[in-house]
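Numbers here simply count residues along the sequence, with the first being 1.
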Amino acid sequence: MRSLIAACLNYRLVPIAAAVLLLVMGYASLRDMPLDVFPEFAPPLVEIQTEVPGLSSLEVEKLITTPLENGLAGVPALKTMRSKSVLGLSSVVLIFERGSDLFRARQMVQERLARLASTLPAVSRPPVMLSPVSATSRVLKVGLVSDTLDRMALSEVARWTLRPRLMSIPGVANVAIWGQRDRQFQVKVDPERLRAANVRLEDVLRVAREASLPSSGGFVDTPNQRLAVSLSADTTLEALREVPVAFRNGASIRLADVATVQEGHPPPIGEGIVDGAPGILLIVEKQPWGNTLEVTAQVEAALEQMRPALQGVTVVPGIFRPATFIEKAVGNLRHAVLLGCLMVIIVLFAFLQDVRTAAISIVAIPLSLVGAVVALRLVGATIDTMVLAGLVLALGEVVDDAIIDVENVQRRLAENRRLGSPRSVFDVVLEGSMEVRSAVVYATVIVVLVFLPVFLLEGVSGAFFRPLAVAYVLAVGASMVVALTVTPVLCLLFLKNHEEKPPRLAGWLRSRIGPVVAWVMDRPRLAVRSVLAVLAMGGVLAALLGEGFLPHFQESDFLMHWVAKPGTSGDAVLRTALRASTELRAIPGVRHFGAHIGRAEVADEVVGPNFAELWISLDEVDDYTATVRRINEVVEGYPGLYRDVQTYLQERIKEVLSGAGGSIVVRSFGPDLDTLRAKARLMEAKLRTIPGVVNLKVEPQVLVPRIQVRLEPEAGRRLGLTPGDVQRAVATLLQGTKVGEVYREERTLDVVVWGEDSLRQDVAAVKALRLVAPASGMPYQLGDVARVELVSVPNIVQHEGASRRLDVTCDAQGRALGAVVGDIQAAIADLDWPTGHHAEVLGEYAERQGAQTRLLAFSLLAVLGIALVLYLDFQSLRLVAFTLGTLPFALVGGVVGVLLTGGVISLGSLVGFVTVLGVAARNGILLVSHYRHLESSEGVPFGRELVLRGTLERLQPMAMTTLTTALALVPLVAGGLKPGQEIEHPMAVVILGGLFSSAVLNILLVPSLYLRFARGTRTVRGEA
């Protein structure tokens, strides 16, 4: 260190130039760094979807999901595998260990999937691996409505015009289209007309296929060139109607004679609502590395550029726009940072009352913060609210290094000028800087050790708080480097001939605090009793605190799950959603409404038509809480539906934690669905009696009716029918069979053969289907050769870890989360489970408990590390025990702060307590080191005068450090739970309270306790 500081003082231009270069790099980094509201908190995951049209959930589970799970099990770094099997669709989600390389994981999954695809039944379509998306994947919801275009025309605009343009934007992972109605050429056959014309269904399929499939005719060679021959027909709707399907009595029988040939669309799998009317809803999703603000801006710019191509279409781009919340949140925190810096500057000038010394100390702020930002930029980090919060928390520590250095150098220069033969200014600055370096380095190491448990948090908790710890430690580390290199140079340049006046505020503070410190020092028993009493009171108060996970985020976009009973049609859900739209849009402040019902192709929702999500966006409202209450009142007016109101971030955090939508999830596992359903009903009854349980829901895994067709073997033999004959005919008439494609410019239209709508009205219509046996040509009704009956099947089958599961979810309201979960665990412990079945409590509380346990365990290791650092500095076990024993006193102020602001310890509060521990330990080690320096280096004998002098000499830097840290946090505390400060506010409250108790401890109690317990400790080289 001596060599480093001496080199900087000798070559003064080098550190000055490096500081200027750092500021330039910081400016460039801030301009280029991506912005987001929170860090990426979802682990790497891969989702595979497989379409299996017409199969029930049990058939999908047996034929598709289970083989895929068995084949994909054991992929390296795989942590959890979840799956859903619904009518016609299988979804398998592989969740990998945090830190795994996403591209490598996708490559390994794709290699296995390539082998598995050929083993799946022919009825399934090829499995599709969805694009990688971030935890908060949805960046924009865009609505399309029109007074002149029908839904098929709007779908063409969305699919062929908008989606390709938006997918080309860097950072966009997917654009899902809800309410899509793809245009088709449909050949709708009527079995009666087929029978009357003596035409078989196979003939219709054959001629429709031949009329719509292009074919190659090879090529013709002329003397000078080769000409390709295309045999494709000009397939139009009129041409398709005129295609002959048979020849009878000298005349052709056309397709139009035996079927209705028309334009139409397939049965919808989902629906979209835009501002109170059915429309097309595009949901833009971003990749994990995408910048939300940048992607949003580019999507909005693309929509504006394409406006001339959207004649007759009204584009509603603001149904859901998380960028608004990000801009507001980052703006609020940026304001807090700037205001905190301003308050720090005011404190410095108030205490130092000297422009030069204050300016030297202030330089440390931008250099340290910019140094941290540059380091984050080099590792590809994102600027988010947690990073900004870490920089805010570090403000006091950042300026403390410079304050200590400047204050000590200034004091040594003043003493040197009073000597008869003064030493060189160079030597005085070097020695003055060296006197404080050791203690400051030890104190910085302690801060790093204190934040080690935060670094080692796992799961969602680690993803949220690790960037805060990284930013904090980088800023503190940068401030130490600045204090070793730049601050001594500035002191040499600006203080060598500077005659400063004693700061009046510091003198006033010493005159007021000195007598109080002396009075307490004369009463060591009172100090000991005060410490014990406060610690006992802190323990009692801590027992009164509740437990929470993360606060409610003040977003301006809300989603409402809107789930009808399984088996409910999409049209019925659409009617209730439209009615809710009218009521919600009547609430003052509601700007836009959107909803998606069912699912879309290759989208993230694996649900049935009974499931919907309603979305609203708010303008700036005067009373946020009252507006949310009115939204809840409207939603509660729809009994019979499962519905809730939450922000997108809340929903995504819950989904990442457990794959379910409740903050508390009781998940039961086992092979038998009947047992799982029965136990879920019992758990629901028990949970309903627990105070504080709200939004209680049993996952709607129930039995729904399904038409099952089973061929009677004897009847089939009489007619020469095979099961395949019946399956193909029924599938064509009821589901439709794609036979070809029609190309219009760059667009593709499917050609589909299926039955008239009247054939799909009820079970009787299915039984009455009139078909013709291919082999014998004999007509028959389906009901004569097959059993057509209603059977019950599960609407959905879900797996986790290759085991079937069923969830009971709820939220906590009016009581602390921990208390509610404790009652729930006691309630389910009384249940008797059959072999192979059990239940677990998951969700926010489980994550919080895991984080708390890990935080406490690693905090003990951090304390051992701190003890080692203290011993290296003090060389006295008694002083180490003394310093560590006083630290819990500093936490009591944080406990009081939590009680005054709701009485619930969230995860942010726990991180606040860790920060308080670091601040208290830092101040304590600097104070005790100064006592030892006076005794060992300046020859002051151990006793009352030594302790009093040391305390008063350290009073100004301690007061400045405490005040700068506290005032830097005041904007966060005073701002309350504003957007962007929901996690930081409880953290700041704890730190502010802890700073108060830490100041009382170090200024009033530590001197008395040191005088009482430190006598006789081994004295070695001390530090100032």
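Between the CD1 atom of I616 and the NE2 atom of H592 there is a distance of 12.5 Å, given to the nearest 0.5 Å. The CG atom of L205 sits 5.0 Å away from the OG1 atom of T732 when rounded to the nearest 0.5 Å. Taken to the nearest 0.5 Å, the OG1 atom of T161 stands 5.5 Å off from the CE atom of M306. For the atom pair CZ of R747 and CZ of R159, the computed distance is 10.0 Å after rounding to the nearest 0.5 Å. Once rounded to the nearest 0.5 Å, the distance linking CG of D190 with CG of D757 reads 11.0 Å. Here the CG-CD distance, from L154 to Q180, works out to 11.5 Å after rounding to the nearest 0.5 Å.
A distance-only check finds a donor-acceptor pair linking the side chain of Q49 to the backbone of A603 [under 3.5 Å]. No donor-acceptor distance shorter than 3.5 angstrom exists from the side chain of R241 to the backbone of A256, with no hydrogens or angles considered. The closest donor-acceptor contact from the side chain of Y642 to the backbone of L696 lies at 3.5 Å or more, if one exists at all. For S57 (side chain) and P794 (main-chain N/O), a donor-acceptor pair under 3.5 Å exists by modelled atom type. One N or O on the side chain of E40 and one on the backbone of A135 form a donor-acceptor pair closer than 3.5 Å. Under the 3.5 Å distance criterion, the side-chain polar atoms of N795 are matched with a main-chain donor or acceptor of P700. Within the 3.5 Å criterion, the main-chain N or O of H561 finds a donor-acceptor partner in the side chain of D644. The backbone N or O of A577 sits nowhere less than 3.5 Å from a side-chain atom of S581 that would complete a donor-acceptor pair. Formation of a donor-acceptor pair under 3.5 Å by the D150 side chain with backbone atoms of M152 is found in this model. In this structure a side-chain-to-backbone donor-acceptor pair under 3.5 Å is present from S146 to G312.
Looking only at atom types and distance, the side chain of E47 has a donor-acceptor partner in the side chain of S91 under 3.5 Å away. Side chain to side chain, S663 and D811 meet the donor-acceptor criterion of an N or O pair below 3.5 Å. At a cut-off of 3.5 Å, with distance as the only test, no side-chain donor of R643 or N632 sits close to an acceptor on the other residue. Defined by atom type and a distance below 3.5 Å, a donor-acceptor pair is present between the side-chain atoms of T65 and S85.
With contacts defined as side-chain heavy-atom distances shorter than 4.5 Å, the pair T647/D557 does not qualify. Residues Q708 and S56 have side chains not in contact (no heavy-atom distance under 4.5 Å, counting atoms from C-beta outward). Side-chain atoms of L303 and L162, non-hydrogen and from C-beta on, do get closer than 4.5 Å to each other. Between L293 and E327 the shortest side-chain heavy-atom distance falls below 4.5 Å. Between D182 and D750, the closest side-chain pair of non-hydrogen atoms is not below 4.5 Å. Side-chain atoms of V635 and L614, non-hydrogen and from C-beta on, never get closer than 4.5 Å to each other. Residues L782 and K767 form no side-chain contact, since every pair of their non-hydrogen atoms from C-beta on lies 4.5 Å or further apart. Within the 4.5 Å cutoff, side-chain heavy atoms of L144 are placed close to those of V315.
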I'd like to know whether W160 forms a side-chain contact (heavy atoms from CB on, under 4.5 Å) with T748, so could you lay out the CA-CA distance, the side-chain angles of the two residues, the decisive distance to 0.1 Å, and finally the verdict. CA-CA 10 Å; W160 300 105; T748 304; 4.2 Å; yes

Apply side-chain contact (heavy atoms from CB on, under 4.5 Å) to the pair R629 and E633, showing each step before the final yes or no. CA-CA 6 Å; R629 186 171 58 251; E633 289 172 357; 3.9 Å; yes

Could you check L734 against W754 for side-chain contact (heavy atoms from CB on, under 4.5 Å), going step by step and ending with a plain yes or no? CA-CA 6 Å; L734 299 185; W754 61 331; over 6 Å; no

Given salt bridge (charged side-chain N to carboxylate O under 4.0 Å, His left out), test E294 with K286 step by step and report yes or no. CA-CA 11 Å; E294 187 176 325; K286 76 178 182 72; over 6 Å; no

Show, in sequence, the C-alpha distance, side-chain angles and deciding distance for Q186 and L240, and conclude whether the side-chain contact (heavy atoms from CB on, under 4.5 Å) test is met. CA-CA 10 Å; Q186 297 179 340; L240 194 59; over 6 Å; no

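We find that R706 and E59 are joined by a salt bridge, their nearest charged nitrogen and carboxylate oxygen being less than 4.0 Å apart. With respect to the salt-bridge test (charged N to carboxylate O, under 4.0 angstrom), the residues R181 and E271 qualify. Using a 4.0 Å cut-off between charged side-chain N and carboxylate O, E613 and R138 make a salt bridge.
Heavy-atom minimum distance, R630 versus P588: NH1-CD, 3.1 Å. Taking both residues in full, the closest heavy atoms of I319 and S617 are given as O-CB, 3.5 Å, listed atom of the first, atom of the second, then distance. Nearest approach of I283 to H596, heavy atoms of both residues: CD1-CD2, 3.7 Å. Scanning both residues, L281 and I273, for their nearest heavy atoms gives CD1-O, 4.5 Å. Of all heavy-atom pairs between T50 and R125, the closest is CG2-O, 3.4 Å. Residues R805 and Q701 approach most closely at O-NE2, 3.1 Å, considering heavy atoms.
With a 6.0 Å radius and a threshold of 12 heavy atoms from other residues, nucleotides or ligands, D147 has its CG atom at or below the threshold. Atom CD of Q813 is surrounded by 12 or fewer heavy atoms from other residues, nucleotides or ligands within 6.0 Å. Residue-environment remark: CD (E601) stays at or below the threshold of 12 foreign heavy atoms within 6.0 Å.
For the salt bridge (charged side-chain N to carboxylate O under 4.0 Å, His left out) test, residues two or more places apart in sequence or in another chain that qualify with E263 are R183, R744.
Exactly one residue among L578, V563, I597 makes a side-chain contact (heavy atoms from CB on, under 4.5 Å) with V573. That residue is I597. Of the residues listed (W178, F593, Y648), the one engaging W615 in a ring pair (Phe, Tyr, Trp, His ring centres under 6.0 Å) is Y648, and it is the only one.
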